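Here the structure is laid out as C-alpha cells; the discussion comes afterwards.
Only a predicted model underlies this, so the values are computations on that prediction, with no experimental measurement involved. Note: hydrogens, waters and symmetry copies are ignored here, and every other heavy atom, side chains too, is used. The first residue in the sequence is number 1, and the count goes up from there.
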Amino acid sequence: MEKLLSIEEVAEILGLEYKTIYRLIRSGELPAARIGGRIYRVYRADLEAYLERQKQRVHEEATGRKLVAQMEVRCGNCGQRIVSELGIAGRCEVCQGALCASCFGIEKVKRCKTHQEPAAETEPMT
Ligand SMILES: [Zn+2]
Ligand SMILES: [Zn+2]
C-alpha cells in the first residue's frame, strides 16, 4: 500500500469531496505535508490516526463523556482518577466506592481508604 496519499485519494477512501478533505487539512485536523505550492500529501498512518480519533470521539459521546463530565471518579484508595467505567476494577465492601485496577486487582485492596482496617490509626496525623 502507498504510504503517501494525495487529497484526491483520501477523498476517495473516505467517500468525501476533495473540498472537505482540503478543509480538514487546512484546519489542522488532518495532518498533511505541503510540497511545493499547493500540493498536499497525507501519510496513510496520519489518516488512520485521524479516523481513530473520530471513532474515539463518537464513542466518548455515546458512552464515556457524560459519565466523566457528571462525576469525576477517583479510586477510593489511591485517589487516582478513573477515566471510564471500565477502569473501575472493584468496589469498596462498605461504601461501594470505586477502586482502580492497581489497588483492587494487583494489591488486592478491598476497601477504600476510609474503610480500611485500623492500621491508619497508628499513623501520626497532623
Ligand atoms: Zn487505586
Ligand atoms: Zn468505603
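- Side-chain contact between I13 and R44: present, with at least one pair of heavy atoms (C-beta onward) separated by less than 4.5 Å.
- Sparse packing is recorded around CZ of R26, with 12 or fewer heavy atoms of other residues, nucleotides or ligands lying under 6.0 Å away.
- Judged by distance alone, the side chain of R111 and the main-chain N or O of E93 form no donor-acceptor pair under 3.5 Å.
- Within 6.0 Å of OH on Y22 lie more than 12 heavy atoms contributed by other residues, nucleotides or ligands.
- Residues R57 and E60 are not paired through a salt bridge, judged by the lack of any N-O separation under 4.0 Å between the basic side chain and the carboxylate.
- In this structure, the side chains of V109 and Q116 come closer than 4.5 Å at one or more pairs of heavy atoms.
- Looking at residues two or more places apart in sequence or on another chain, you find no ring-ring contact (aromatic ring centres under 6.0 Å, His included) involving Y50.
- Side-chain atoms of Q54 and E29, non-hydrogen and from C-beta on, do get closer than 4.5 Å to each other.
- Here the CG atom belonging to L16 is positioned 7.5 Å from the CG atom belonging to L24, to the nearest 0.5 angstrom.
- Hydrophobic cluster membership differs between L47 and I39, with clusters built from Ile, Leu, Val, Met, Phe, Trp and Tyr side chains linked at under 4.5 angstrom.
- K110 places none of its side-chain heavy atoms less than 4.5 Å from the side chain of C92.
- For the side-chain contact (heavy atoms from CB on, under 4.5 Å) criterion with V42, the lone passing option out of V10, I21, L4 is V10.
- Counting heavy atoms from C-beta outward, V94 and C112 have side chains that stay 4.5 Å or more apart.
- Closest non-hydrogen pair, P31 versus D46, comes out as CB-OD2, 3.9 Å.
- R91 approaches Q96 most closely through the heavy-atom pair NH1-O, 2.9 Å.
- Going from atom CZ of F104 over to atom SG of C78 covers 13.5 Å, rounded to the nearest 0.5 Å.
- The distance from atom CZ of R41 to atom CD1 of I25, rounded to the nearest 0.5 Å, is 10.0 Å.
- Heavy-atom minimum distance, I82 versus G87: CG2-C, 3.5 Å.
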